[in-house]
Undergrad: 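So that we are looking at the same thing, I have put the structure below in structure tokens.
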Amino acid sequence: MNTRLNHIQNWLELAQQANWSAAVLAKKCGVSVRTLHRHFLKQMGKNTKSWLAEQRQCHALELLRDGSSIKETSSCLGYKQPSNFTRKYKHHWGICPSLQPATVNSAQTANVRK
């Protein structure tokens, strides 16, 4: 396995810089998308795209809890349309972001972030 990837500690920061794109993340890491995918399967137990989507939704939850509007949150996370963000959020969390309670079980997000 690529040792270059084993030394990376700041995956979340890199994911944000890559605008949640597996291809851009692979380029930032200096590896192919396939190599990155294999690394994620081995180290994170899921493919790169799934991990990125989970991290993006956890970040969305944090932003909303901190008082950001749906429009601000969707823009911050790189969605072109707030409606696209709302659809993805609802699919992931099972609730519309506008109905999200301010206090959500922090264990939910802690279990997703690895």
Side-chain angles (χ1 to χ4, degrees):
M1 191 56 62
N2 193 314
T3 58
R4 178 181 345 194
L5 297 176
N6 291 332
H7 296 296
I8 295 174
Q9 299 292 317
N10 59 337
W11 283 110
L12 185 58
E13 182 182 325
L14 287 172
Q16 290 172 334
Q17 291 172 6
N19 199 27
W20 313 102
S21 165
V24 175
L25 182 59
K27 190 172 186 176
K28 285 182 122 351
C29 294
V31 298
S32 70
V33 174
R34 179 68 185 128
T35 297
L36 186 66
H37 180 72
R38 284 192 303 265
H39 176 79
F40 267 75
L41 283 174
K42 184 176 181 182
Q43 299 299 319
M44 313 284 193
K46 55 189 73 174
N47 67 47
T48 312
K49 189 175 179 179
S50 295
W51 184 86
L52 287 168
E54 282 183 3
Q55 299 309 309
R56 194 178 192 189
Q57 290 305 316
C58 286
H59 191 58
L61 182 60
E62 290 172 8
L63 290 170
L64 291 169
R65 267 203 256 156
D66 290 342
S68 293
S69 70
I70 292 172
K71 189 173 183 178
E72 291 167 337
T73 301
S74 67
S75 177
C76 180
L77 294 173
Y79 287 94
K80 292 181 181 175
Q81 299 293 324
S83 59
N84 292 338
F85 162 68
T86 299
R87 182 175 32 79
K88 293 278 188 175
Y89 188 95
K90 185 175 181 181
H91 178 73
H92 184 82
W93 296 108
I95 187 171
C96 290
S98 60
L99 300 175
Q100 183 64 58
T103 56
V104 173
N105 183 354
S106 58
Q108 269 185 303
T109 56
N111 289 335
V112 175
R113 292 196 182 243
K114 278 193 172 182

Undergrad: Between R4 and G30, which heavy-atom pair has the shortest distance, and what is it?
TA: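 Answer, listing the atom of R4 first, then G30: NH1-O, 3.2 Å.
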Undergrad: Tell me whether L63 is reachable from W93 by hopping between hydrophobic residues (I, L, V, M, F, W, Y) whose side-chain heavy atoms are closer than 4.5 Å.
TA: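 Yes.
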Undergrad: Is the NZ or CZ atom of R56 positioned over Y79's six-membered ring, under 6.0 angstrom from the centre and within 45° of the axis?
TA: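 Verdict for Y79: a cation-pi partner in R56.
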Undergrad: Are L52 and V33 connected in a single hydrophobic cluster, I mean Ile/Leu/Val/Met/Phe/Trp/Tyr linked by side-chain heavy atoms less than 4.5 Å apart?
TA: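 No, separate clusters.
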Undergrad: For the OG1 atom of T48 and the CG atom of L25, what is their distance to the nearest 0.5 Å?
TA: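 Atom-to-atom, T48:OG1 and L25:CG are 7.0 Å apart.
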Undergrad: Would you check if Y89 and L77 make a side-chain contact, meaning some heavy-atom pair closer than 4.5 Å?
TA: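 Y89 vs L77: side chains apart.
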Undergrad: Can you give me the closest heavy-atom contact between N47 and F40, atom names plus distance?
TA: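 Shortest heavy-atom contact: C-CB, 4.2 Å.
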Undergrad: Using every non-hydrogen atom in the two residues, find where Q9 and N6 come nearest and quote the distance to one decimal.
TA: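 Looking at all heavy atoms of both residues, the closest pair is NE2-O, 4.4 Å.
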Undergrad: Shortest non-hydrogen contact from P97 to T86?
TA: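 Closest approach of P97 to T86: CD-CG2, 3.7 Å.
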Undergrad: How long is the span from the CH2 atom in W51 to the CG atom in L41, to the nearest 0.5 Å?
TA: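 It comes to 13.5 Å.
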Undergrad: With the 4.5 Å side-chain cut-off for hydrophobic clustering, are L14 and V24 part of the same group?
TA: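 No.
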Undergrad: Within this structure, what is the OG-CZ distance for the pair S32 and R34, rounded to the nearest 0.5 Å?
TA: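 Output value for this atom pair is 8.5 Å.
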Undergrad: Any idea which heavy atoms bring N19 and G78 closest together, and the distance?
TA: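 Heavy-atom minimum between the residues: OD1-CA, 3.6 Å.
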Undergrad: Per the side chain to side chain donor-acceptor pair (under 3.5 Å) rule, what does the pair list look like for residues 20-29, sequence neighbours excluded?
TA: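 Applying side chain to side chain donor-acceptor pair (under 3.5 Å) to every pair that reaches into residues 20-29, excluding sequence neighbours, yields nothing.
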Undergrad: Any heavy-atom pair between the side chains of I8 and C29 that's under 4.5 Å?
TA: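 Touching, per the 4.5 Å side-chain cut-off.
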Undergrad: With E13, which residues qualify under side-chain contact (heavy atoms from CB on, under 4.5 Å), at least two apart?
TA: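 If we apply the side-chain contact (heavy atoms from CB on, under 4.5 Å) test to E13, skipping adjacent residues, the hits are N10, Q17.
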Undergrad: Just how far is it from atom CG of L61 to atom CZ of R65, taken to the nearest 0.5 Å?
TA: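 The CZ atom of R65 is 4.5 Å from CG of L61, to the nearest 0.5 Å.
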Undergrad: Looking at S68 and L64, would you say the former's side chain and the latter's main chain have a donor-acceptor pair under 3.5 Å?
TA: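 Side chain of S68 to backbone of L64, a donor-acceptor pair under 3.5 Å: no, none is there.
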Undergrad: Under 4.5 Å between side-chain heavy atoms, hopping through other hydrophobics if needed: is there a path connecting L5 to M44?
TA: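 In one cluster with L5: M44, yes.
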Undergrad: Between the main-chain N or O of E72 and the side-chain N or O of S75, is there a donor-acceptor pair closer than 3.5 Å?
TA: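 It does not hold such a pair.
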Undergrad: How far apart are the closest heavy atoms of C76 and H59, and which atoms are they?
TA: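 Nearest heavy atoms, C76 then H59: SG-NE2, 4.5 Å.
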Undergrad: Can you tell me how far NE2 of H39 sits from CH2 of W11, rounded to the nearest 0.5 angstrom?
TA: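 Spacing of CH2 (W11) from NE2 (H39) equals 4.5 Å.
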Undergrad: Find out whether H37 and K49 are in side-chain contact, i.e. whether some heavy atom of one side chain is under 4.5 Å from a heavy atom of the other.
TA: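 SC-SC contact between H37 and K49 ruled out.
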